[in-house]
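First the structure, in the form of structure tokens, and then the observations on it.
Note: hydrogens, waters and symmetry copies are ignored here, and every other heavy atom, side chains too, is used. Naming: A, B, ... by sequence-line order, numbering from 1 per chain.
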2 protein chains.
Amino acid sequence: MVTMQDVAERAGVTKQTVSNVLSGRVAVRPATAARVRAAIDELGYTPNLVARSLATGSTKTIGLFVPTVVGSFYAELIEEVEDVLEEHGYHLLLCTTRLDGERARRHLAGLTSRSVDALLIAGDNDLIDHLPLLADARFPVVLCAWETETPDRFPVVTIDYERAGYLAGRHIRELGHRKVAVLASPSHAVRIEGFRRAFTADGLTVPESAVHYAPEPTPAGGFEAAAAALAASPEVTALFATHDVLALGALEAAREAGRSVPQDLSVVGHDDTLEVQVARPALTTVSIPKREMARQAIEQLLRAITRSGTQTNSLQLLRPELVVRESTGPAAG
Amino acid sequence: MVTMQDVAERAGVTKQTVSNVLSGRVAVRPATAARVRAAIDELGYTPNLVARSLATGSTKTIGLFVPTVVGSFYAELIEEVEDVLEEHGYHLLLCTTRLDGERARRHLAGLTSRSVDALLIAGDNDLIDHLPLLADARFPVVLCAWETETPDRFPVVTIDYERAGYLAGRHIRELGHRKVAVLASPSHAVRIEGFRRAFTADGLTVPESAVHYAPEPTPAGGFEAAAAALAASPEVTALFATHDVLALGALEAAREAGRSVPQDLSVVGHDDTLEVQVARPALTTVSIPKREMARQAIEQLLRAITRSGTQTNSLQLLRPELVVRESTGPAAG
DNA sequence: CTGAAAGCGCTTACAG
DNA sequence: CTGAAAGCGCTTACAG
């Protein structure tokens, strides 16, 4: 491998001068710089980033924890994160936790060895049990897409999930629906709360019995939950799925139950992932500003890297938006 | 940050001894080792991986290029790769190329600085134009899920795509279908070829006009392609989608065209991704051994890392399998 | 504007 | 079984 020293010898300077040419931190006489550049090209030199990292203390890499990469939500988030990172010359070290705390713990231990400059944790899950370990982290940590209680050691960039649920509920209520059910994932309590609030304004309630939990966060899980909901209360005219994937299953369940959407049944999702944009009928859903969330989170992270030590304890809430498509309509009767 | 030197002082030894305790390469007297371990615990020492990398020349990180992470195919592949990597103590640096050669080139340039031990490139695409750069790579490169001509500089672990297409075709042909169409992505020529071969045995042909290219690799793209196919030849009784996502769109298109699947129209997909396992009707598809492919590719990579220099030029073909579900049936009439 | 020196935190032979 | 030395390839003050 060709080193900075090799380039220096070839150009008839010392390696410090080569370093100066490369970094641009110190002015170098044009003629010298040109000789150095020529030597670099001739030798095909590329700097050794590992050596640079050791000297500077920065790896130009950030770690990203996500529960999974299957399913559009996190996949889209990752690509956004990558884009922002690239603008800043950072690389991405990925770890999917699979909702497995032990797995996350092992990876965290690996990262703790200063091989990343910072860590972004997306999605609340079992990880919360392992935050003690995070407290020892030698690098800044930022949390995003966090729905449950946000630990106040770390900056959080997330969505106003309560409002997200509220927007879904208000839309449904304004369409005249009175008997509704919720298809949910266990960790989506805040969205459900917001959804409920939209109804209390009218003196209505969404009882706990109207909330049906999906066995798994997949269309199949949503199918099951929706089938259960419709069987339990056939008079239900609207469904709120706290997750788009669940809504996809709900659309199938409605079809099997012989109820057409939106004439006999309205369905609202949450996330606005790519897959629902092509569902039939196209899904009305609450859109999450993923791009904005990724950008804000990474910027928090980069800020924290620069002025290390002064970890700010901020909570940033991004606003969701209702996207009305074809799966919701006025309540029959 | 606490360093090996700190641990050594605390334990009353030199840092080499600490290094020996940690690596286990050299025997250390139990009493000494115990003192060292105690010091490590008390100080909360974790080794600096960057320094270790500089000394050893290995970063214990591999790079992975995928076209995208949205959509199950690559997402599932990534999680498999991660699993295998973890068994070997490696980290994953991810780069989604978005089929953008320039983007891939930039990332490759970044990696070339020896910050990864090896690179796995999954999915053939514009990258092929940038292979010249790859030739300069200082680390082993392995290709996987490669359908087009496989450049013979690098080991390739891929699927027998010709056979995959053939399996889909044979199934369709055996069900008695004679008028068929193909919904394809541009880079899936090999699958289409295999599909065709299944028909030539019976003296049938699948003309180029029966191949409909999807404007994009999404359900929406599949929808469009299927709608075009059915409009062009209403007598078609079976559809082969070279991509499961396209098949999903085809299912919708059939529904809109008033053709029930599989009674009026059979649909076969390719990939066996998670989303099609919950489609209704459940999709008959060609299953790709993703887990096996990930495992073999990573093992090739690790082997190449160990005995560097002797890059083997092997082509490993994994066999696909037909999975019959509900979307295919005998040709009507 | 350029060079000599020290250091980042580890590992790897090599003596003792 | 333990320690002294050199080196991995860079950067960062500091002189000149």
Any carboxylate oxygen within less than 4.0 angstrom of a Lys/Arg side-chain nitrogen, looking at [X] and [Y]?
X	Y	answer
B/Lys290	B/Glu76	yes
B/Arg98	A/Glu82	yes
B/Lys15	B/Asp6	no
B/Glu102	B/Arg105	yes

- Query: Passes salt bridge (Lys or Arg N to Asp or Glu O under 4.0 Å), A/Arg291 versus A/Glu79? Steps please.
  - Reply: CA-CA 9 Å; A/Arg291 169 170 284 279; A/Glu79 298 197 351; over 6 Å; no
| task | Using only heavy-atom distances, determine whether the side chains of B/Thr158 and B/Gln316 contain a donor-acceptor pair under 3.5 Å. | result |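 Not at all, the side chains of B/Thr158 and B/Gln316 share no donor-acceptor pair under 3.5 Å.
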Q.
Could you walk me through whether A/Gln300 and A/Gln296 satisfy the side-chain hydrogen bond (donor to acceptor under 3.5 Å, both in side chains) test, starting with their C-alpha distance in whole Å, then the side-chain angles of each, then the deciding distance to 0.1 Å, before giving a yes or no?
A. CA-CA 6 Å; A/Gln300 279 277 359; A/Gln296 296 287 351; over 6 Å; no
Nucleotide by nucleotide, nucleotides 7-16 of chain D touches protein heavy atoms under 4.0 Å in the pattern (B base, S sugar-phosphate only, - none) BBBBBB----
Exercise for the section: With heavy atoms under 4.0 Å as the rule, sort A/Ser53 into base, sugar-phosphate or nothing. Expected result: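 Nothing, no nucleic acid heavy atom in range.
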Report task. Could you run through DNA chain D and flag its stems, i.e. three or more consecutive Watson-Crick or G-U pairs with both distances under 3.5 Å? Result ->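 DNA chain D forms these stems: C:1-3 with D:14-16, C:5-12 with D:5-12, C:14-16 with D:1-3.
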Review point. Closest heavy-atom contact between B/Met4 and B/Ser19?
Key: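 The pair with the smallest heavy-atom distance is CE-CA, 3.6 Å.
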Notebook entry, point to check: For D/dG3, does either OP1 or OP2 sit under 4.0 Å from a side-chain N or O belonging to B/Thr17?
Noted result: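 Indeed, a polar side-chain atom of B/Thr17 lies that close.
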